[in-house]
Amino acid sequence: MKKILILAITLVLFCVSYSMAENEPTDFYLSEFEDYINDQAPFDITDYIGENLIVSFWTTWCPHCVKEIPDFVKFQNDFSDQVRILMIHVPSNETFDKAQEFFKKNNYEETLELLQDNGFYAQAFNLQGFPTNLVFNKEGKLIHYGYATDYESLKALFEKNDLFEVTEKK
């Protein structure tokens with residue numbers, strides 16, 4: 001039974017990741033993971049449904065990953081009521097402790113949420129390189145799957161997809 005469950009999860013995740021192409025919206029929703037989250041998952045990504053979510057898969061040895069983090073910090077600071085950013089450290093030749101040290105040294109831990117993947121989500125989202133960034137709307141729909149990004153690109157993506165809520169100025 002366990003083998004059948006693992007095979008079913010792998011098949012679903014393969015189909016989801018196969019359908020994703022850079023910058024190409026899909027009909028994939030985070031809720032599709034609800035039945036497949038198990039003790040292999042390092043955290044439950046479906047807990048973030050209801051928030052605009054940026055998920056960045058990164059590692060400390062990747063210069064593009066490190067370069068884009070200040071843009072994520074600025075975006076999170078400017079739009080903290082509009083978005084949640086998860087920085088997911090992917091297993092590699094560097095430990096999660098090193099990622100935590102990097103975040104602390106650069107004061108990123110006060111702004112961005114740092115999580116560790118054990119390979120579960122990296123495989124589920126078919127990571128092909130670093131950094132890989134995904135953007136989900138509040139309904140959990142994937143609206144962007146791409147690579148390195150910057151502040152202006154994120155802002156344009158949020159505007160294009162109407163992810164910013166309009167608030168009245170007093």
Side-chain angles (χ1 to χ4, degrees), residues 22-23 28-31 33-34 37 39-125 127-170:
E22 184 170 6
N23 301 318
F28 174 75
Y29 287 82
L30 283 176
S31 59
F33 275 115
E34 288 175 334
I37 300 298
D39 59 353
Q40 301 293 316
F43 58 90
D44 188 345
I45 200 165
T46 64
D47 289 344
Y48 299 95
I49 296 171
E51 302 177 70
N52 290 319
L53 182 66
I54 298 172
V55 177
S56 181
F57 290 95
W58 74 288
T59 187
T60 55
W61 53 258
C62 164
H64 298 293
C65 300
V66 171
K67 181 181 177 193
E68 74 181 5
I69 292 175
D71 284 326
F72 284 132
V73 169
K74 182 174 178 3
F75 197 79
Q76 182 67 67
N77 284 334
D78 288 354
F79 304 106
S80 61
D81 61 334
Q82 304 282 324
V83 66
R84 181 109 173 241
I85 300 176
L86 304 181
M87 302 299 295
I88 302 179
H89 184 261
V90 179
S92 66
N93 59 346
E94 293 183 351
T95 65
F96 187 63
D97 291 340
K98 184 150 181 155
Q100 290 174 310
E101 287 174 25
F102 175 81
F103 258 54
K104 186 172 183 147
K105 175 183 166 190
N106 292 287
N107 297 317
Y108 296 147
E109 79 277 357
E110 296 175 18
T111 308
L112 302 174
E113 190 169 343
L114 176 63
L115 298 170
Q116 180 179 16
D117 188 14
N118 60 7
F120 182 88
Y121 289 111
Q123 184 175 15
F125 288 112
L127 262 62
Q128 300 294 313
F130 294 107
T132 298
N133 300 310
L134 291 76
V135 177
F136 297 91
N137 67 15
K138 288 183 178 184
E139 290 75 39
K141 181 179 182 183
L142 178 67
I143 60 167
H144 174 80
Y145 182 96
Y147 300 101
T149 192
D150 60 29
Y151 180 91
E152 291 303 323
S153 298
L154 288 171
K155 190 173 176 188
L157 180 68
F158 269 60
E159 289 170 348
K160 175 184 173 190
N161 289 282
D162 295 321
L163 298 183
F164 290 127
E165 292 179 16
V166 178
T167 56
E168 287 185 34
K169 297 195 179 204
K170 294 180 180 183

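Position 1 is the first residue of the sequence; numbering continues from there. Predicted model, so just to flag it, every value in this text is computed and none were measured.
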Quick one, [X] and [Y] - any side-chain contact, counting heavy atoms below 4.5 Å?
X	Y	result
Asn52	Phe164	no
Val55	Tyr48	no
Tyr147	Asn133	no
Val90	Tyr121	no
Ile54	Phe72	yes

Can you check whether [Y]'s main-chain N or O pairs, donor with acceptor, with [X]'s side chain at less than 3.5 Å?
X	Y	value
Asn137	Glu139	yes
Asp97	Gln100	no
Asn118	Phe120	yes

Worked check of side-chain contact (heavy atoms from CB on, under 4.5 Å) between Leu115 and His89
CA-CA 6 Å; Leu115 298 170; His89 184 261; over 6 Å; no
Would you sort out whether Phe158 and Phe79 count as a side-chain contact (heavy atoms from CB on, under 4.5 Å), showing the intermediate values?
CA-CA 11 Å; Phe158 269 60; Phe79 304 106; over 6 Å; no
Would you call the rings of Phe125 and Phe28 parallel, tilted or perpendicular, taking 30° and 60° as the class edges?
perpendicular
Can you list the residues that meet the salt bridge (Lys or Arg N to Asp or Glu O under 4.0 Å) rule with Glu109, with sequence neighbours excluded?
none
